[in-house]
Amino acid sequence: TNRSQLDRAIDDEAHDRLGRGAFVDRLVSRLVSRESGTSTGLVVGVTGEWGSGKSSILNFVRGELKNEWPGAVVFSFNPWIVSGGDDLIATFFRAFLREIQSHPDTPSDKIKELSIAALSMVQHFSDQVAQYGGTPGFIAKFVSAIVGLVRTRSNTDTPPLHASRENLRRLLEELRFPIVILMDEL
């Protein structure tokens, strides 16, 4: 076996020679409540040396979530594919919204609300980048322009960050299916 094969993440627990199944099962039971079938909101970090099996654990978690809750949204995001900090946030929310919108149980009337809430969050983060001397990237500038246009047409101001966050949390909670976000290579 060469080094590149040793460092490659595995997807199938049948190939797991380190016995991580019990750990993955406990982790999954903390991410989604087995009683209610909803996300718990828990944030977990898996740390370790390069090649130690972090990506394999995430693959096992993804597989177990999909097996146990076939209707769950298990959204995987790799931040290394994006260059700037504010574009990272905009790209994350855009991809996340696309995942939620494509779910068959997402009510069509919630899609617009979720989009506006997510865009509001992107605008807040873009404003923070500018406040500390950074230059918002193209995506963040574009999103801010759209949010400004939507707010002007609906005659509303941008709510404070904590209110935007709470609104997005409430809207996601109303969806009634588990949502788990997995980030690798953070």
Classify the ring geometry between His103 and Phe177 as parallel (under 30°), tilted (30 to 60°) or perpendicular (over 60°). parallel
Nearest-0.5 Å distance that lies between atom CD in Glu166 and atom CZ in Arg169: 4.0 Å
Step by step, work out the side-chain contact (heavy atoms from CB on, under 4.5 Å) result for Thr38 and Arg176. CA-CA 7 Å; Thr38 58; Arg176 309 305 304 160; 4.0 Å; yes
Cluster overlap Met183 with Val46, hydrophobic side-chain contacts below 4.5 Å: no
Main-chain N/O of Ala72 paired with Lys66 side-chain donor or acceptor, under 3.5 Å: yes
Would you find a donor on one side and an acceptor on the other, under 3.5 Å apart, between the side chain of Arg30 and the backbone of Arg26? yes
Run through Leu27, Val28, Leu31, Val32 and flag the one making a side chain to side chain contact (heavy atoms under 4.5 Å, CB included) with Glu64. Val28
Atom of Ser55, atom of Ala9 and distance for their closest heavy-atom approach: CB-CB, 3.6 Å
Under a 4.5 Å side-chain heavy-atom rule over Ile, Leu, Val, Met, Phe, Trp and Tyr, are Val74 and Ile179 clustered together? no
To the nearest 0.5 Å, tell me how far Leu171 CG sits from Lys112 NZ. 13.0 Å
Look at Glu113 together with Lys110 and state whether they make a salt bridge at an N to O cut-off of under 4.0 Å. yes
Contact check, side chains of Pro79 and Phe77, non-hydrogen atoms, under 4.5 Å: yes
Would you check if the side chain of Lys54 reaches a backbone N or O of Thr47 as a donor-acceptor pair within less than 3.5 Å? no
Separation of Asn59 CG from His15 NE2 (nearest 0.5 Å): 13.0 Å
Closest non-hydrogen atom pair, Ser115 against Leu97: CA-CD1, 3.7 Å
Within the structure provided, determine whether Arg20 and Ile10 are in side-chain contact (heavy-atom separation under 4.5 Å). yes
Indicate yes or no: at least one non-hydrogen side-chain atom of Ile111 is less than 4.5 angstrom from one of Asp109. no
Should Glu68 and Arg34 count as an ion pair when the cut-off is N to O under 4.0 Å? yes
Looking at Arg170 and Glu174, is there a salt bridge between them, counting it only when a charged N and a carboxylate O are closer than 4.0 Å? yes
Side-chain heavy atoms of Thr91 within contact of Arg94, under 4.5 Å: yes
Check the pair Leu42 / Val44 against side-chain contact (heavy atoms from CB on, under 4.5 Å), numbers first and verdict last. CA-CA 6 Å; Leu42 180 69; Val44 177; 3.6 Å; yes
Side-chain heavy atoms of Leu114 within contact of Leu175, under 4.5 Å: yes
Please determine whether side-chain hydrogen bond (donor to acceptor under 3.5 Å, both in side chains) holds for the pair Arg62 and Ser76, giving the CA-CA distance in whole Å, both sets of side-chain angles, and the decisive distance to 0.1 Å. CA-CA 9 Å; Arg62 182 181 307 102; Ser76 297; 3.0 Å; yes
Would you say that Val180 contacts Leu182 through its side chain, given a criterion of any heavy-atom pair below 4.5 Å between the two side chains? yes
Taking the side chain as C-beta and beyond, is there a heavy-atom pair between Asp184 and Trp80 under 4.5 Å? no
Heavy-atom closest contact (Ala118 atom, Leu168 atom, distance): N-CD1, 4.3 Å
Would you say that Phe60 contacts Leu65 through its side chain, given a criterion of any heavy-atom pair below 4.5 Å between the two side chains? no
Taking the six-membered ring for Trp and the single ring otherwise, decide whether the centroids of Phe92 and Phe75 are under 6.0 Å apart. yes
Output the distance between atom CG (Leu172) and atom OG1 (Thr106), rounded to the nearest 0.5 Å. 9.5 Å
Which pair of heavy atoms, one from Ser33 and one from Trp69, lies closest together, and at what distance? O-CZ2, 4.1 Å
